[in-house]
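For ligands, and for the atoms within them, numbers begin at 1 and follow the listed sequence.
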Amino acid sequence: MNTAAPSDRPLKVALLGCGVVGSEVARLLTRDGDELARRIGAPIELVGIAVRRLGRARDLDLPAELFTTDAHALVARGDLDVVVEVIGGIEPARELILAALEHGASVVTANKALLAEDGAHLFEAAEKAERDIAFEAAVAGAIPIIRPLQESLAGDAVQRVLGIVNGTTNFILDAMTTTGAGFSDALDEAQRLGYAEADPTADVEGFDAAAKAAIIASLAFHTRVTIGDVHREGITDVTAADVRSADEMGCVVKLLAICEKISTPDGDAVSARVHPAMIAKSHPLASVRGAFNAVFVESESAGQLMFYGPGAGGAPTASAVLGDLVSVARNRRQDVHGPGDTAHADLDVLDVGRARTRYHVSIDVDDRAGVLASVADAFAQYDVSIKTVRQEGHGSDAQLVIVTHEADDAALAATVEVVRALDMVRDVSSVMRVEGLN
Ligand SMILES: NC(=O)C1=CN([C@@H]2O[C@H](COP(=O)(O)OP(=O)(O)OC[C@H]3O[C@@H](n4cnc5c(N)ncnc54)[C@H](O)[C@@H]3O)[C@@H](O)[C@H]2O)C=CC1
Ligand SMILES: N[C@@H](CC=O)C(=O)O
Ligand code: NA
């Protein structure tokens with residue numbers, strides 16, 4: 001175990017993974033090593049890079065001896081100060097991080113999937129080893145959001161966080177909205193640009209955003225939220241018609257992560273959900289384009305804050321990784337460690353049915369007398385109040401487009417079931433939540 005407090009000796013760093021993010025970290029670490037050493041107060045030495053295959057053409061000017069396929073042996077050297085994990089996925093990333101901490105290294109990771117599934121275990125291991133685990137890159141790429149939640153807002157009471165936290169899906173929805181691009185062409189381009197996860201299902205089905213929502217909710221509300229607690233819907237069912245309807249209402253469609261603290265008769269609880277939503281063009285999140293991300297935080301004393309910037313891609317993510325590297329290396333040098341985990345609030349996580357928002361519902365109907373009254377009755381049955389209703393098309397193309405006032409998710413879901421069963425209703429073709437509209 002590396003117990004020595006390094007004062008002037010070089011800090012030894014190992015890199016696990018040399019893909020989109022890892023290769024950019026290695027490149028910047030090599031190029032800017034002297035400047036980073038001045039910022040840390042000690043030289044840094046990249047002592048090893050774990051890769052899956054040796055000999056792959058990598059555009060890096062580094063000696064071949066640095067590369068190894070034995071990541072386990074690398075983290076077990078016993079003389080490392082910092083291990084940077086950018087392999088991704090659950091295993092072997094988890095066992096490598098735990099071994100790194102056990103051998104006395106602090107850890108920097110971009111691995112939201114692992115943090116959202118088993119963060120508690122990693123934080124506990126870091127605490128026991130008296131080392132840091134830093135993960136700014138895990139949420140919203142280059143945007144500083146982890147540190148603001150952990151430190152800058154530590155004296156405030158965060159009430160709600162609304163974010164666009166997945167670059168790939170924002171890139172796809174933006175392309176569908178602005179150029180009319182098809183879903184799969186836009187996804188191919190996002191993959192080519194290095195935004196997508198190794199398996200892009202994680203992006204388009206909302207798993208990546210749900211992992212980030214779990215991390216945000218845990219930090220914002222000082223509690224434990226795992227990915228399994230987050231209601232998740234992806235963007236694969238969003239159609240060109242949804243995008244058009246949103247536009248007609250003065251909205252755009254975005255994949256949102258929404259984390260809220262909710263008062264219940266039994267005390268405070270949290271809710272975390274990820275789903276596509278129509279958001280008013282006047283809302284600051286509506287203007288987030290391409291692979292950019294933004295996180296909108298509402299807190300008691302600060303009011304509204306927005307954090308905005310590049311949310312994905314090799315260089316932006318490497319920026320966050322290197323920021324963490326400097327920070328944990330400074331701590332190593334002084335033999336101290338950072339704030340660690342605060343999950344003392346121990347709040348219940350509410351089912352999505354308890355979340356309240358507004359809805360846009362498109363219903364394909366028979367164009368005949370009484371249909372509007374029957375549909376309105378179904379909404380009234382569950383106390384879902386209608387704000388606007390309009391009819392589009394005629395005859396076999398008739399459609400009712402309803403926008404509701406705020407209602408419980410469970411009440412809306414029950415209403416939709418009843419509407420779907422009406423014999424004048426051919427289909428409920430789209431149900432989408434609406435945010436940020438007055
Ligand atoms: N690409 C992006 O924009 C962002 C990625 N992240 C996260 O950063 C991490 C890395 O992502 P990318 O670089 O995009 O993925 P990537 O798939 O390009 O790179 C991962 C690399 O790890 C290597 N690898 C897999 N198993 C290994 C093992 N056992 N030993 C050594 N190397 C191994 C793979 O061969 C690959 O080269 C993931 O956790 C991802 O979620 C976070 C923010 C943004
Ligand atoms: N695949 C992710 C990468 C960053 O976290 C995304 O698209 O946002
Ligand atoms: Na970040």
Does Phe135 have its ring centroid less than 6.0 Å away from the ring centroid of Phe123? yes
Is there a polar contact, in the sense of an N or O pair closer than 3.5 Å, between Gly313 and ligand 1? yes
Hey, is Gly141 one of the residues with a heavy atom under 4.0 angstrom from ligand 1? no
Using a 4.0 Å cut-off to any heavy atom of Glu197, which atoms of ligand 2 qualify? 1 (N), 2 (C), 3 (C)
Tell me the protein heavy atom at minimum distance from atom 8 (O) of ligand 2, and give that distance in Å. Gly167 N, 2.7 Å
Could you tell me if any non-hydrogen atom of Leu16 lies under 4.0 Å from any atom of ligand 1? no
Using a 4.0 Å heavy-atom cut-off, which part of Glu197 comes near ligand 1: side chain, backbone, both, or neither? side chain
Determine whether more than 12 heavy atoms belonging to other residues, nucleotides or ligands lie under 6.0 Å from atom CZ of Arg356. yes
Counting from 1, what ligand 2 atoms have a heavy atom of Asp203 closer than 4.0 Å? 1 (N), 2 (C), 6 (C), 7 (O)
Could an N or O of ligand 1 be found under 3.5 Å from any N or O of Val20, whether backbone or side chain? yes
Which atoms of ligand 2 sit under 4.0 Å from any heavy atom of Lys112? 2 (C), 3 (C), 4 (C), 5 (O)
Structural part of Thr317 in contact with ligand 1, heavy atom criterion under 4.0 angstrom: side chain
So is there a nitrogen or oxygen of Lys112 less than 3.5 Å from a nitrogen or oxygen in ligand 1? yes
In ligand 2, the atoms that come under 4.0 Å of a heavy atom of Asn166 are 2 (C), 6 (C), 7 (O), 8 (O)
Is Ala138 close to ligand 1, meaning an N/O of one under 3.5 Å from an N/O of the other? no
For Ala196, counting its heavy atoms only, list the atoms of ligand 2 lying under 4.0 Å from any of them. 1 (N)
Could you check whether atom 15 (O) of ligand 1 has a protein contact, counting only heavy atoms that fall below 4.0 angstrom? no
Hey, looking at atom 37 (O) of ligand 1, which of Gly19, Ala113, Ala50, Gly17 has the closest heavy atom? Gly19
In the protein, how many N/O/S atoms are under 3.0 Å from the Na ion (ligand 3)? 5
What part of Pro92, side chain from CB on, backbone N/CA/C/O, both or neither, has a heavy atom under 4.0 Å from ligand 1? side chain
Who passes side chain to side chain contact (heavy atoms under 4.5 Å, CB included) against Ala257, sequence neighbours left out? Val165, Ala213, Val274
Which of the numbered atoms in ligand 2 are below 4.0 angstrom from a heavy atom of Tyr195? 1 (N), 2 (C), 3 (C), 6 (C), 7 (O)
